[in-house]
Q: 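My questions all concern the structure below.
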Amino acid sequence: MDRPYKQTPSEASHASEPIAAYGRASSRPIFNKAQIELLDTMASIESDEELMALKHAISEFFARRADEEMDRLWQSGEWNEQTLDDLRSAHYRTPYKQ
């Protein structure tokens, strides 16, 4: 990784700003609880190996959620073999004017 894991002096100067807001006063996005938790977790990452392990854990979390949702759809009857066949031949590309 090119970027150091410790705060640079320019980043440290913003430490007094609330973690839940940034940008102009008129458009201050608020982070949700999950985003703040991830930011706190990422603050303790000190090596590329730790970063890769965190990324892997997050990927596993979302893969597990997708599997669970697919199982739910299949068991409820919303998805079946025909749905999968339809998806195999579907083209969801954005049409562009030529």
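Atoms considered below: every heavy atom in the structure, side chains included; atoms not considered: hydrogens, waters and symmetry mates.
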Q: Gln35 side chain to Asn32 main-chain N or O, any donor-acceptor pair under 3.5 Å?
A: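 Answer holds: yes.
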
Q: Once rounded to the nearest 0.5 Å, what's the spacing between atom CD of Glu37 and atom CE of Met42?
A: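 It is 10.5 Å, given to the nearest 0.5 Å.
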
Q: Surrounding CD of Glu50 (heavy atoms of other residues, nucleotides or ligands, distance under 6.0 Å), is the total greater than 12?
A: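 For Glu50, atom CD is crowded (more than 12 foreign heavy atoms under 6.0 Å).
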
Q: So, for Glu81 and Trp74, which heavy atoms are closest and what is the spacing to 0.1 Å?
A: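 Taking every non-hydrogen atom into account, N-CH2, 3.6 Å.
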
Q: Please answer: with hydrophobic residues joined when any side-chain heavy atoms are less than 4.5 Å apart, are Leu38 and Met52 in the same cluster?
A: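 Per the 4.5 Å side-chain linkage, Leu38 and Met52 are not co-clustered.
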
Q: Indicate, with yes or no, if Phe61 and Met70 share a hydrophobic cluster defined by side-chain heavy-atom contacts under 4.5 Å among Ile, Leu, Val, Met, Phe, Trp and Tyr.
A: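 In one cluster with Met70: Phe61, no.
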
Q: Let's go through Asp86 and Thr83 carefully: what are the C-alpha distance in whole Å and the side-chain angles of both, what is the deciding distance for side-chain hydrogen bond (donor to acceptor under 3.5 Å, both in side chains) to 0.1 Å, and is it a yes or a no?
A: CA-CA 5 Å; Asp86 292 345; Thr83 309; 5.7 Å; no

Q: With a 4.0 Å cut-off on N to O distance, would you call Asp67 and Arg64 a salt bridge?
A: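 Salt bridge flag = no for Arg64 with Asp67.
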
Q: How many angstroms lie between atom OG1 of Thr41 and atom CD1 of Ile36, to the nearest 0.5 angstrom?
A: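 Between atom OG1 of Thr41 and atom CD1 of Ile36 there are 11.5 Å.
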
Q: Using the rule that Ile, Leu, Val, Met, Phe, Trp and Tyr join whenever any side-chain heavy atoms are under 4.5 Å apart, tell me whether Tyr92 and Tyr96 fall into a single cluster.
A: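 Different clusters.
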
Q: So, for Ser89 and His91, which heavy atoms are closest and what is the spacing to 0.1 Å?
A: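 Taking Ser89 first and His91 second, the nearest heavy atoms are O-CD2, 3.4 Å.
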
Q: Does a side-chain N-to-carboxylate-O contact under 4.0 Å join Arg65 and Glu68?
A: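 Salt bridge: no.
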
Q: Can you check whether Trp79 reaches Asp71 side chain to side chain, under 4.5 Å on heavy atoms?
A: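 With C-beta onward as the side chain, the pair stays apart.
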
Q: Nearest 0.5 angstrom please: Ile45 CD1 to Leu54 CG, how far?
A: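 Those atoms lie 5.0 Å apart.
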
